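Notes follow once the structure below has been shown.
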Protein chains: 2
Amino acid sequence: MEYQRDENDIEIEGGEMADDKEFLRGPLLVRNRKNTTSQIAIVGANSCPIESLDYEILENELFKQDWRSRKKVEIFQYVFLKWTLALLIGLSTGLVAFLNNLGVENIAGFKLLLTNNLMLKDKYYQAFAAFAGCNIVLAIAAAALCAYIAPAAAGSGIPEVKAYLNGIDAPSILAPATLFVKIFGSIFGVGAGFVVGKEGPMVHTGACIANFLGQGGSRKYHLTWRWLRYFKNDRDRRDLVTCGAAAGVAAAFRAPVGGVLFALEEAASWWRSALLWRTFFTTAVVAVVLRGFIEFCRSGKCGLFGKGGLIMFDVNSANANYSTLDLIAVIFLGVVGGILGSFYNFCIDKVLRAYSIINEKGPIFKVLLVMVISLLTSCCSFGLPWLSQCIPCPPQLAELCPTAGRSGNYKNFQCPPGHYNDLASLFFNTNDDAIRNLLTSRVEKEFHISTLLVFFVAIYWLGIVTYGTAVPSGLFIPVILAGASYGRLVGNMLDDLSDLDVGLFALLGAASFLGGTMRMTVSLCVILLELTNDLLMLPPMMLVLLISKTVADTFNKGVYDQIVKMKGLPYMEAHAEPYMRQLVASDVVSGPLMTFSGVEKVGNILYVLKVTGHNGFPVIDEPPYSEAPELCGLVMRSHLLVLLKGKTFTKQKVMTGSMIVNRFRAHDFAKAGSGKGVKLEDLDISEEEMEMYVDLHPITNTSPYTVIETMSLAKAAVLFRELGLRHMCVVPKKTGRPPIVGILTRHDFMPEHILGLYPHLHHYE
Amino acid sequence: MEYQRDENDIEIEGGEMADDKEFLRGPLLVRNRKNTTSQIAIVGANSCPIESLDYEILENELFKQDWRSRKKVEIFQYVFLKWTLALLIGLSTGLVAFLNNLGVENIAGFKLLLTNNLMLKDKYYQAFAAFAGCNIVLAIAAAALCAYIAPAAAGSGIPEVKAYLNGIDAPSILAPATLFVKIFGSIFGVGAGFVVGKEGPMVHTGACIANFLGQGGSRKYHLTWRWLRYFKNDRDRRDLVTCGAAAGVAAAFRAPVGGVLFALEEAASWWRSALLWRTFFTTAVVAVVLRGFIEFCRSGKCGLFGKGGLIMFDVNSANANYSTLDLIAVIFLGVVGGILGSFYNFCIDKVLRAYSIINEKGPIFKVLLVMVISLLTSCCSFGLPWLSQCIPCPPQLAELCPTAGRSGNYKNFQCPPGHYNDLASLFFNTNDDAIRNLLTSRVEKEFHISTLLVFFVAIYWLGIVTYGTAVPSGLFIPVILAGASYGRLVGNMLDDLSDLDVGLFALLGAASFLGGTMRMTVSLCVILLELTNDLLMLPPMMLVLLISKTVADTFNKGVYDQIVKMKGLPYMEAHAEPYMRQLVASDVVSGPLMTFSGVEKVGNILYVLKVTGHNGFPVIDEPPYSEAPELCGLVMRSHLLVLLKGKTFTKQKVMTGSMIVNRFRAHDFAKAGSGKGVKLEDLDISEEEMEMYVDLHPITNTSPYTVIETMSLAKAAVLFRELGLRHMCVVPKKTGRPPIVGILTRHDFMPEHILGLYPHLHHYE
């Protein structure tokens, strides 16, 4: 008989019960295991307790009644408000994006103008002092905001938003303080000349705005409105935050379709067709708002806000014809870009781990670290251009050469009059302008190979060491900068072999780096198309993205996934791991499991709430309320707290459902915004009340999702993930045992937990 | 007490059991209801029996063993093959799209050349005879193929593909015969001058190709390969068909990103991030293949294959600046476009219903109907241009005027030399060329208002009456034609008010019609952008799409949804209907429910398989195999048939699991392609064997998804739909009753069934 009997397998043959003791563990609840995975994760640059979000439709008596009594006008109110909120998210995100650009352009413009003028007067030391001084002051401002007010605002924010949309909540991820710091920290950080982008922060900002609007008003400030109560649940908030994230990308890149796709491909874990349309509407609003502001600024009312404002790189002028030989160059570009991109991820991970040790020591160390990096960046930006040779100004230029004003791209630097320094044109500029320079076609601008090499190496490493400091810092722009300089470098080297313009090579290089680090495909493709307004480059861009992603995937995970994992956020993957097929659901259930009776003593409930951190408790009806013990349902911690606060207790152990149904309304139990709601400390229960009883039936979700204990863990994980659950009840196969074996939560599906319990499964990974 | 007790609600108060008899129905299985929804639907132009697809992970002993024994090399084989198949789908779809274009361009080119030359010689009657004759011959060819070989190939095919991806299978939807007829029928149909597109048929073709490749080889033709066995399940086939549908759109419009989005927004019901990438790869391959062929044809080796080949409308030349006043015009365009679009849907529905009566009478009536429509189309195309006035040829044209060759756009028609007929330029052309003419900017081409009006009205109605005849007919091109002429008409009328070019008005008009009929958003936006290569039109295009979709949604459903419903395909919507909240799962379970024992008599199984059409049967273990009756799992009809064919029977009622495990291999039970597999008639069981027993445990799925009978129907529907189930077990709340109440299938969630049982719920709709 070839069939090998597995230890954890049940098989009944010839009527004989096989050795299933190991597996079924008799009629006892599973109490011998404890889930030791951390309930704390790093959000931004700070450790926070985390919670799961719950997307299940809770069906208890109170909610059911509320549903059934909903009138058509209330459904209309809900739909109307949903779209109004989408509109508001679009408007606010567009406005913030514009203010961000206005701030950065004016601050950086003033700084560059000042320094450039001093340089033109040959006052090199003063110029450096002014440059580095401005940078460090701005850097300290950004770092202080981050370190002292909202540490959650540090970093890109995309990993946190991604985790939130996967169902992981921490009070600080989308808090108003985070929003405030993200907006101003990003302006100061980008203005300080760091190699950071504003795209990640914009996504986070959009998500924060959406969450703020979805709070359902504020009782503290008397800003409540009856209509807003519909949004007091995790499902609707998730939808709003998805719209916010899409609006953020749309605003950062002026790429409305790209924003929708980014939300779909990278940010969101659950997606519905209806959401596609609402997200699309939000990003359309953003596009219209931005267009309006740009029209407004065209008349010169926005200070130093130049054409460098909202990035939009027109490369239309270049020749987009390519031959088969060019495709080979493109493939080479993609392969090397993939390798460099995955190495970028590797370095980011190492640097982040090193920084987290420094950041842990306290806010002042965070600020000091930022100061060091700022000084390093200033030295590079100011020092490296000295390596470059001076180039005579090309004749017949539309622009002034060397540059006198703010936004020109022919920086004189140390060169004699009539000459310019091409490395300074890249370094001594805002990041957006540097990208624009790199993407211009050869006809308009030529860079030396050495210039590109120096710039590429410096930007590659500066980008890596800057991420992870306590400033809001996006990853898109550093990666695009490094990728574009790499692409242009390759284009310059393959000059004799390829007819493709170096500007297009730079674009493809940027695509290869983005594919190699972020591992997105369709959304990056569309974002780059919308940025460069050149559809003819679509086929080679697709090719480069596919190749670089494939190559990079063989080395490590995408940068956001990697950061999510490093920060300890318990992210549920869409697919089940192979080793999950070797286990069944009851193998990973962890105890001790606390259950309540249908009518429970108040003291017991309080005790259980105090000693465990669990959020869902099975309610079991026992005789005389039923013939045999049976699972009545699941009750939530937050609902218990509201119920206890209401003090609808009885001296006798009797069902008082109708009393409670009359006493409370459904929205008393609606989920409060993250970090709000009744807390255990708010309760004031007397000794006498401790001995009284409370009927849990009206607030018990009578139809929790259940799986049988013999279901494979892989199948249970698919159910858990597809439905976005927080709790999943595991029920026994045999009758005559307690009606519930345990509860599976997100943490029980984490590899650390499973492989900790079953180390021999490591080889299936 | 305000709390109203609902009839279908259970509530226990004060320990007393409320009147739940109505609801719990005692310990009996539900046998008093029958699901009368039809198991037959119209596919193409024919009625077929339909089945559900099953995306559940079946966990029986055989399959579990197969999983556990899978080696790393086998996982690699699977992944490698998955990508190879995606590549093959891309290559084949690209090739077919090219052949389709080559065929249409040459056939239509020959026809137009012949007619045009006769017209230039003033031989009007011969010209009409040649024109109408060619058309009717081609039409008969297309109709005969459709009517006699594969009726499923008629129509667009998108509704059928959409239904397949929602989990509805009919053997003919994606059969090889359908593929064959779809390819050639589409060439003849478009060549015959019908107002039909090749886009819907291309989507269907792509899906058919994907399904063909995913069959897992063919035993009949000895084309089996061990690796292909991994694809013998509905999940992997669904993924392939999704890729195929995306490849179809990508090939039809040369819009790779649009293809991915189309599959995502309109076609697919389930989506995973991993699929996004594979779909993107497939469409990239299509784009590369098409580009290669076009390069090849540029050298003139493709006969009459002109620039009219693969559509790509460059409108870049037009001025895309627009003011606020233009936006008002755009809004007006969107509103009216939405109304006209939804009216289009309304008419399509009526016409389809009328035609289905004719089509039912037999193939010859189908052909006759096509002949009538063909004659009508010929008369319109040939007759209406006589209404138009002759226009003198503009001087300094690059093109010849009047047109002498095939692809020119200045048709002389009845006009004197040196003049052309602008209505003939639209009518007397291929549909692609007509669209291109409509989208050109005013500078290049001017149409009279009367010309546009006549063309718009004629095309609008011709499009409506042509769809539903027995030819492969896409809806995109008719809608774009009508929309573009409507847009250009509006643009001409608003000439004094708006600076926007009429070509751009035509584009926006096409967008408004597409939004009004198809109700897609992002995908249409991207498809139109890729078609016209003009990103600057993105914001107004988004606006127009949003407005027209919103307006049209107030009247009726999207055209594909409407056709799916009209054809009787039991489509599972993503959201639960409001009335489902008033019911619980056990309210709609329909009987009689057939169950098997763990070890069952062969005769009983055969009897049950004969008398019911069910596909899943609960297996219940009874004493002595268990202490009390308990649900062992679910067994599939197809697995039972394979097991019975293997004849592993015993005389005694004993468990013989290991015998069966040794006798069979997992892939014996793999799901055969649609319409294949063991049939009941194939079994040859003797009288003696009828009395023997067979052990069902090894093929029983021991972890079917279960819901408790008191779960609201809405919640159950979400579970059913999100996981793509075919069967869902409803278990009782109380112990001591039979362990299963019933099985829910797709048909039990259909409004006809539910509202038939509970007519009073109609007012919740």
Side-chain angles (χ1 to χ4, degrees), chain A residues 1 3 11-15 57 59 61 65 67-68 256-257 260 265 271-273 276-277 280-281 284 287-288 291 521-522 525-526 530 533 535 538-539 542-543 546 574 581-582 624-625 627-628 630 654-655 657-658 661-662 697 702-703 706-708 710-712 715 719 722-723 734-736, chain B residues 1-3 6 11-15 57 59 61 65 67-68 256-257 260 265 271-273 276-277 280-281 284 287-288 291 521-522 525-526 530 533 535 538-539 542-543 546 574 581-582 624-625 627-628 630 654-655 657-658 661 697 702-703 706 708 710-712 715 719 722-723 734-736:
Chain A
M1 198 176 82
Y3 180 53
E11 195 202 0
I12 300 165
E13 254 173 67
I57 304 164
E59 296 194 320
E61 274 176 47
Q65 234 194 312
W67 279 358
R68 291 193 180 152
V257 179
V260 173
E265 188 174 2
W271 194 263
R272 290 170 300 119
S273 202
L276 193 71
W277 190 26
F280 188 60
F281 171 72
V288 170
R291 210 192 139 82
T521 49
V522 189
C525 209
V526 173
E530 291 191 301
N533 193 19
L535 270 162
L538 183 57
M542 289 172 87
L543 194 68
L546 283 168
R581 292 187 161 179
Q582 314 294 324
Y625 301 108
E627 287 156 45
E630 67 183 38
V654 287
M655 289 203 185
S658 62
V661 168
N662 290 332
H697 287 101
T702 53
S703 57
T706 57
V707 296
I708 199 157
T710 53
M711 184 184 276
S712 81
K715 194 169 172 178
L719 173 67
E722 290 289 316
L723 295 173
K734 302 272 168 203
T735 52
Chain B
M1 200 175 83
E2 275 186 357
Y3 178 54
D6 195 296
E11 197 203 358
I12 300 165
E13 252 173 68
I57 303 165
E59 297 194 320
E61 273 176 47
Q65 231 195 313
W67 280 358
R68 291 192 179 151
V257 178
V260 172
E265 187 173 3
W271 194 262
R272 291 170 297 120
S273 203
L276 194 71
W277 190 27
F280 188 60
F281 171 71
V288 170
R291 210 193 139 81
T521 50
V522 190
C525 209
V526 173
E530 291 190 302
N533 194 19
L535 269 161
L538 183 58
M542 288 172 87
L543 194 68
L546 282 169
R581 292 186 162 180
Q582 314 293 324
Y625 301 107
E627 289 155 44
E630 68 183 36
V654 289
M655 288 204 186
S658 61
V661 168
H697 288 101
T702 53
S703 56
T706 56
I708 200 158
T710 54
M711 184 183 277
S712 80
K715 194 169 173 179
L719 173 67
E722 290 289 317
L723 295 173
K734 301 271 168 203
T735 52

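Heavy-atom basis, side chains included; hydrogens, waters and symmetry copies ignored. Note that the structure is predicted; figures quoted are calculated from it, not measured. Residue numbering restarts at 1 for every chain, and letters A, B, ... go by the order of the sequence lines.
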**Asked** Considering only heavy atoms, which portion of B:Val522 lies under 4.5 Å from any heavy atom of chain A: side chain, backbone, both, or neither?
**Response** both
**Asked** Given a strict heavy-atom distance threshold of 4.5 Å, which part of A:Ile708 is in contact with chain B: side chain, backbone, both, or neither?
**Response** side chain
**Request:** Would you confirm whether A:Glu265, through its side chain, and B:Leu276, through its main-chain N or O, come within 3.5 Å as a donor-acceptor pair?
**Result:** no
**Item:** B:Met542 versus A:Pro256, closest heavy-atom pair with distance
**Value:** CE-CB, 3.5 Å
**Prompt:** For B:Ile57 and A:Lys715, which heavy atoms make the closest approach, and how far apart are they?
**Reply:** O-NZ, 2.9 Å
**Prompt:** Does any heavy atom of chain B fall under 4.5 Å from the side chain of A:Ala574, the backbone, both, or neither of them?
**Reply:** neither
**Asked** Measuring heavy-atom distances to chain B, does A:Val260 have an atom under 4.5 Å in its side chain, in its backbone, in both, or in neither?
**Response** side chain
**Asked** A:Thr710 and B:Thr702: which non-hydrogen atoms are nearest, and at how many Å?
**Response** OG1-O, 4.3 Å
**Message:** Looking only at heavy atoms and a cut-off of under 4.5 Å, which of A:Leu543, A:Val707, A:Leu719 has the most pairs with chain B?
**Reply:** A:Leu719
**Request:** Could you please spell out the steps behind the side-chain contact (heavy atoms from CB on, under 4.5 Å) verdict for A:Val526 and B:Val526?
**Result:** CA-CA 9 Å; A:Val526 173; B:Val526 173; 5.6 Å; no
**Item:** Per-residue contact mode, A:Trp277 against chain B (heavy atom under 4.5 angstrom)
**Value:** both
**Complete:** So, the part of A:Val288 with a heavy atom under 4.5 Å from chain B: the answer is neither
**Asked** Between B:Glu722 and chain A, which part of the residue has a heavy atom less than 4.5 Å away: side chain, backbone, both or neither?
**Response** both
**Prompt:** Is it the backbone or the side chain of A:Glu630 that comes under 4.5 Å from a heavy atom of chain B, or both, or neither?
**Reply:** side chain
